[in-house]
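Keep in mind that this is a model prediction, so the values were computed, not measured.
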Amino acid sequence: MAMMLLMTQTRLEASSMPSFEQWLQQQQQRTQQQLQALLDNTAAPARLIAAMQYAVLGGGKRLRPLLAYAAAQAVGGDSRSADIPACAVEFIHAYSLIHDDLPSMDDDILRRGQPTCHIKFDEATAILAGDALQALAFELLASTPAFSDALRVQMLRELATASGWQGMVGGQALDIAATGLPLAESGLSYMHSLKTGALITASVVLGALSTGRASVHQLDSLRLFAQQAGLAFQIQDDILDVEASTAVSGKEQGKDARQHKATYPSVLGLAEAKQRLNAVAARADAALNAFGPQADRLRQLAQYLVQRPS
Ligand code: IPE
Ligand code: IPE
Ligand code: MG
Ligand code: MG
Ligand code: MG
């Protein structure tokens, strides 16, 4: 894995591209500015917009926007076309985190090293901030004049299915249903593919679609890539819950075990979970075989997803 990262890096450096770390930082800054501008809406009730800003702007790796930008590049497009989709998926993600942390869900008090939204504000405000962010994501996509009507509908459908019962919300329901019960690995990977994989897949697909030049074949490969990368991402999230200190992850260490969550380490053990992580990451990389160096940012991101410390 380290060797793969090195080879991709060397190829990019030879073509005088920014290093992965530089690119990561640039795109994160770009995303932060866009999100900030979109939330700079003083017409909304003050407490509501404050909670939305708190949940969106206070850190986060911005992996979903990064995937959207990298997917746009992978199909040879201009990554700027992915600006709105990138923000839309991040709004859905931020909403999912606010609701995931609620007392009736994971009951978490710490997120990104700060009090969770319902602790900082109150539960009702947190619920509403999540609701508003979700609606905002769809409003944004629906009102972007740069996309044709047909493309807008395609993107809206993609994001809606990834967010709702066929995607993130469905996965969260399975997560709650599985808590405290034994779960087979097939059930676990299915749950993860919905609760986390679906939005990660939508991020990649929307990024590629936004360029208006993704072929059906490319979209199929990108979807396959993202499904594997999304699963790998959640396996690593499960592993980090065991291994990463609260200071590093910004989330309470060991929370999954205390809550009897069904996770890769709880079902397979830590060593086996790590093996699965590497196998799934290799499948993600293989899904990009038909792409040339244009997909290197996506390849690097997939490696980062599984090696990230938090
Ligand atoms: C955490 O996602 C929630 C999961 C889907 C596992 P991230 O690790 O992407 O969270 P931030 O946005 O970087 O804080
Ligand atoms: C959350 O999964 C997935 C979402 C849809 C937000 P987790 O419950 O494992 O995420 P963290 O660990 O709290 O970030
Ligand atoms: Mg959860
Ligand atoms: Mg959680
Ligand atoms: Mg987790």
Side-chain angles (χ1 to χ4, degrees), residues 27-28 30-41 43-44 48-49 52-53 55-57 60 62-75 77-99 128-172 194-216 218-220 222-223 225-227 230 298 301:
Q27 304 307 310
Q28 283 168 334
R30 180 183 184 84
T31 306
Q32 183 74 7
Q33 282 161 4
Q34 313 259 1
L35 293 169
Q36 211 151 2
L38 288 166
L39 289 176
D40 201 5
N41 178 4
L48 176 65
I49 192 74
M52 292 162 71
Q53 288 169 331
V56 173
L57 301 176
R62 311 302 186 199
L63 291 175
R64 293 150 193 83
L66 291 164
L67 284 163
Y69 288 129
Q73 274 186 30
V75 296
D78 181 347
S79 65
R80 276 172 302 187
S81 67
D83 276 340
I84 292 295
C87 291
V89 292
E90 191 65 10
F91 284 149
I92 296 282
H93 170 60
Y95 131 66
S96 81
L97 294 182
I98 299 174
H99 284 197
L128 293 173
D131 292 340
L133 287 169
Q134 176 177 204
L136 183 56
F138 291 105
E139 183 199 338
L140 266 180
L141 276 183
S143 42
T144 303
F147 304 136
S148 69
D149 287 353
L151 185 56
R152 266 203 296 263
V153 170
Q154 194 180 1
M155 288 177 148
L156 286 164
R157 185 184 297 119
E158 190 76 37
L159 190 60
T161 50
S163 304
W165 67 269
Q166 297 121 301
M168 186 274 289
V169 169
Q172 290 285 63
L194 294 187
K195 81 171 183 175
T196 308
L199 188 59
I200 285 186
T201 304
S203 306
V204 169
V205 170
L206 290 188
L209 282 176
S210 72
T211 65
R213 53 184 294 165
S215 70
V216 172
Q218 283 177 321
L219 284 171
D220 283 348
L222 288 174
R223 207 179 276 284
F225 159 79
Q227 285 161 352
L298 264 190
L301 267 176

Student: Please list, chain by chain and in numerical order, all residues satisfying side-chain contact (heavy atoms from CB on, under 4.5 Å) with Leu156, sequence neighbours excluded.
Tutor: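 Partners of Leu156 by the side-chain contact (heavy atoms from CB on, under 4.5 Å) criterion, ordered by chain and then number, come out as Phe138, Leu141, Ala142.
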Student: Side chains of Leu194 and Gln166, heavy atoms from C-beta outward: is any pair under 4.5 Å?
Tutor: no
Student: Measuring from atom CG of Leu301 to atom CZ of Arg64, what distance do you get when rounded to the nearest 0.5 angstrom?
Tutor: 11.5 Å
Student: Taking all non-hydrogen atoms of both residues, which atom of Ala86 and which atom of Val89 are closest, and how far apart?
Tutor: O-CG2, 3.2 Å
Student: So how far is it from His93 NE2 to Ile98 CD1, rounded to the nearest 0.5 Å?
Tutor: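 Output value for this atom pair is 10.5 Å.
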Student: Working to the nearest 0.5 Å, report the span between CD of Gln154 and CG of Leu219.
Tutor: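 Rounded to the nearest 0.5 Å, the CD-CG separation comes to 7.0 Å.
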Student: Could you work out, with side-chain contact (heavy atoms from CB on, under 4.5 Å) as the rule, every residue matching Met52, not counting sequence neighbours?
Tutor: Leu39, Leu48, Ile49, Ala129, Ala132, Leu133, Leu136
Student: Can you measure from SG (Cys87) to CG (Leu38) and round to the nearest 0.5 angstrom?
Tutor: 5.0 Å
Student: For Phe225, give me all partners under ring-ring contact (aromatic ring centres under 6.0 Å, His included), at least two apart in sequence or on another chain.
Tutor: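 For Phe225 there are no ring-ring contact (aromatic ring centres under 6.0 Å, His included) partners, ignoring immediate neighbours.
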Student: Rounded to the nearest 0.5 Å, how far apart are OG1 of Thr161 and CG of Leu199?
Tutor: 10.5 Å
Student: Sequence neighbours excluded and cut-off under 3.5 Å, please list the side-chain donor-acceptor pairs for residues 207-216, or say none.
Tutor:
from   : atom 1 : to     : atom 2 : distance (Å)
Ser210 : OG     : Ser81  : O      : 3.4
Ser210 : OG     : Ser81  : OG     : 3.1
Ser210 : OG     : Gly207 : O      : 2.7
Thr211 : OG1    : Ala208 : O      : 2.7
Thr211 : OG1    : Arg213 : N      : 3.2
Arg213 : NE     : Val75  : O      : 3.2
Arg213 : NH1    : Gly76  : O      : 3.1
Ser215 : OG     : Gln218 : N      : 3.0

Student: Should Met168 and Tyr95 count as side-chain neighbours, where that means a heavy-atom distance under 4.5 Å?
Tutor: yes
Student: Which residues pass the side-chain contact (heavy atoms from CB on, under 4.5 Å) test with Thr31, not counting sequence neighbours?
Tutor: Leu35, Arg62, Pro65, Tyr69
Student: Might you point out which heavy atoms bring Pro85 and Met155 nearest each other, and give the distance in Å?
Tutor: CG-CE, 3.9 Å
Student: Quick one: which of Leu67, Leu298, Thr201 gives a side chain to side chain contact (heavy atoms under 4.5 Å, CB included) with Leu222?
Tutor: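 Output: one option passes, namely Leu298.
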Student: Report yes if the side chains of His99 and Asp131 come closer than 4.5 Å at any heavy-atom pair, otherwise no.
Tutor: yes
Student: Keeping the roles fixed (side chain from Gln32, backbone from Leu57), state whether a donor-acceptor pair exists under 3.5 Å.
Tutor: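 Flag set: sc Gln32 to bb Leu57 pair under 3.5 Å.
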Student: I need the minimum non-hydrogen distance between Gly230 and Thr196, along with the two atoms involved.
Tutor: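 Distance-wise, the nearest heavy atoms are O-CG2, 4.2 Å.
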Student: If I compare all heavy atoms of Ser79 with all of Ala72, which pair ends up nearest, and what's the gap?
Tutor: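 Shortest heavy-atom contact: CA-CB, 3.9 Å.
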Student: What's the spacing between Lys195 NZ and Ser96 OG if we round to 0.5 Å?
Tutor: 10.0 Å
Student: Go through the structure and list residues passing side-chain contact (heavy atoms from CB on, under 4.5 Å) with Arg80, not counting sequence neighbours.
Tutor: Arg30, Asp78, Asp83
Student: Has Arg223 got a side-chain atom pairing as donor or acceptor with Val205's backbone, closer than 3.5 angstrom?
Tutor: no
